[in-house]
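We name chains A, B, ... by the order of the sequence lines, and we start the count at 1 in each one.
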2 protein chains.
Amino acid sequence: MQEHLLISKATVDRLPRYYRCLRQLTDEGVEIASSEELGRRLAINPEQIRKDLAFFGQFGKKGVGYYVAELKESIGTILGLDHHWNVAIIGMGHLGAALANYQGITRLGFRLAAILDANPIVIGTRVGERRVEDIAYLAEIIAERDIRIGVIAVPAAAAQSVADKLVAAGIRGIWNFAPVKLRVPPNIPFVSEDLSVGLSSLSYYLSHAVPEETELSDKNSRD
Amino acid sequence: MQEHLLISKATVDRLPRYYRCLRQLTDEGVEIASSEELGRRLAINPEQIRKDLAFFGQFGKKGVGYYVAELKESIGTILGLDHHWNVAIIGMGHLGAALANYQGITRLGFRLAAILDANPIVIGTRVGERRVEDIAYLAEIIAERDIRIGVIAVPAAAAQSVADKLVAAGIRGIWNFAPVKLRVPPNIPFVSEDLSVGLSSLSYYLSHAVPEETELSDKNSRD
DNA sequence: TAGATTGTTAATCGATTAACAATC
DNA sequence: TAGATTGTTAATCGATTAACAATC
């Protein structure tokens, strides 16, 4: 629980990219990397990277660069990836199944501790290493297993109701995949993924004459 | 193919949200909406909305507001959703299956014209209304069916190779779900979805003391 | 007409980029 | 030591917000 005041969303969203890049460098056996090198790999200005990191401390060595392992650890801690929080997925449709099998969740240090659904036909079936449980027991399961993050993968119509139940059960954060505007208390952070934005904006760029270089975004950039 | 010069990514990314909101208003039978009303629903400043729209023309009536049906059409056209382009999904793992069943693709006016995979066990199986075809025929299929958008849902290691094949086959845009930095020619727009960014940033907000109101983003905002 | 709301220009705010002293 | 690279302050750039004249 580090202090933090007004770190911009843009900066927070770049941290996971730094983290992934550092993990790759580790895999490649690279021990030291300069902001220049990181910037080349991520298509981000070295100045930007140094600035972002400066919000959280001093991680580099002047004249040398950053120790990859060390910086990876530090950013992991900043992102809270060392908490190994328990996660529950609510809704075992195609998307829920994809998320349940998504390597990223465990690779980032989270534990998939429950998979819930309302459909009697689905309840009891195996998904990866877990069995789907009845959403009727949501409150007990969240509390007993100390589940901190709820992943909403139910149809849009059911999403708000699931969010309400999660909040009532003491969830700490919500990762929402339903295309609705969730209403949750201001102290419960949540991130909504809206795939239709990505596809629509791709459509936009296809429809319009594309100038020389097409830089689509920070997050989606050609990095 | 409308003219466009330097519309910011921030603006382009808001258009799909306006579009969705207008579709909802249509469903609700609302015929006229002011930027004020749209702003309330989307948690976006009315000024921002009017500014965004102004890049593309004059769509409202002073003293009245916007005709919902009309504006929805206009934004749909701007986004290129009236093109009804053919789409191919490459990779029929859990994610590919989720995307093949994702309503959003058709709801936005695209047509799922091919599903490809390299795995002999998967080839020939039915997914929704289509059968999985052999990725070996990628080039022919893309060309023959006039497929414009390729969706990459293969493992990270195979993504660049698939992207290369798509480009060689004449694809016009790529929607990439593999966590890699794709290298494609500058005239081929692509959008990469990286779920780990969303989960990591959620983790960040959970880890740090959350100030009064937690505004997570434009795209991910509590709208 | 009076009230409402757009389209657009001007002001503000915040984020990115440049520059450079500190120092490994 | 000389060269390289950080951390950080200052300058720039761009996006958001505010204000308001035009007008339905």
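Proximity note for K51(B) (side chain, C-beta onward) versus dA22(D), dT8(C), dT6(D): the nearest is dT8(C). Candidate nucleotides dC24(D), dT16(C), dT5(D) were compared by shortest atom distance to the side chain of K61(B), and dC24(D) ranks first. Side-chain atoms of A10(A) lie closest to dT16(C) of the nucleotides dT16(C), dT8(C), dA22(C). Distance from the side chain of E47(A) is smallest for dA18(C) among the nucleotides dA15(C), dT5(D), dA18(C). Of the candidate nucleotides dT17(C), dT16(D), dT23(D), dT16(D) has the atom nearest to the side chain of R14(B).
Summarising the base pairing, dT17(C) is matched to dA10(D) through a Watson-Crick or G-U wobble pair whose two defining distances lie under 3.5 Å. In this structure, dT23(C) and dA4(D) make a Watson-Crick or G-U wobble pair, each of the two defining distances being under 3.5 angstrom.
D52(B) places its CG atom 12 Å from the P atom of dG7(C), with the value rounded to the nearest Å. As a whole-Å value, the separation of Q58(A) CD from dT23(C) P is 10 Å. When the P atom of dG14(C) is taken as reference, atom CD1 of I7(A) falls 14 Å away, rounded to whole Å. The distance from atom CZ of F55(A) to atom P of dG14(C) is 12 Å, rounded to the nearest whole Å. For F59(B) and dG7(C), the CZ to C1' distance is 12 Å, given to the nearest whole Å. Taking atom CZ of residue F56(B) and atom C1' of nucleotide dG7(C), one finds them 15 Å apart after rounding to whole Å. We find that NZ of K62(A) is positioned 11 Å from C1' of dC20(C), with the value rounded to whole Å. Rounded to whole Å, atom P of dA15(C) lies 8 Å from atom CG of L6(A).
Between F56(A) and Y204(B), the angle of the ring planes goes over 60°, which puts this pair in the perpendicular group of the 30/60° scheme.
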Evaluation steps, side chain to side chain contact (heavy atoms under 4.5 Å, CB included), between L22(B) and L38(B): CA-CA 8 Å; L22(B) 289 161; L38(B) 292 170; 4.1 Å; yes
Pair K61(B)-E70(B), salt bridge (charged side-chain N to carboxylate O under 4.0 Å, His left out): steps then yes or no: CA-CA 12 Å; K61(B) 213 182 200 84; E70(B) 212 173 275; over 6 Å; no
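A heavy-atom distance below 4.5 Å is found between the side chains of I135(B) and V162(B). Counting heavy atoms from C-beta on, the side chains of S203(B) and F110(A) come closer than 4.5 Å.
For dT6(C), one of the phosphate oxygens OP1 or OP2 lies less than 4.0 angstrom from a side-chain nitrogen or oxygen of R50(B). The phosphate of dA18(D) has neither OP1 nor OP2 within less than 4.0 Å of any side-chain N or O from Q48(B). OP1 or OP2 of dG7(C) has at least one side-chain nitrogen or oxygen of Y66(B) nearer than 4.0 Å. Within the 4.0 Å cut-off from OP1 or OP2 of dT6(D), at least one side-chain nitrogen or oxygen of S35(A) is found. Considering only side-chain N and O atoms, N45(A) lies under 4.0 angstrom from the phosphate OP1 or OP2 of dT17(C).
Closest-nucleotide positions on DNA chain D for A54(A) and V64(A) were compared, and the one nearer the 5' end corresponds to V64(A).
Between D194(A) and R17(B), no side-chain nitrogen of the basic residue sits less than 4.0 Å from a carboxylate oxygen of the acidic one, so the salt-bridge criterion is not met.
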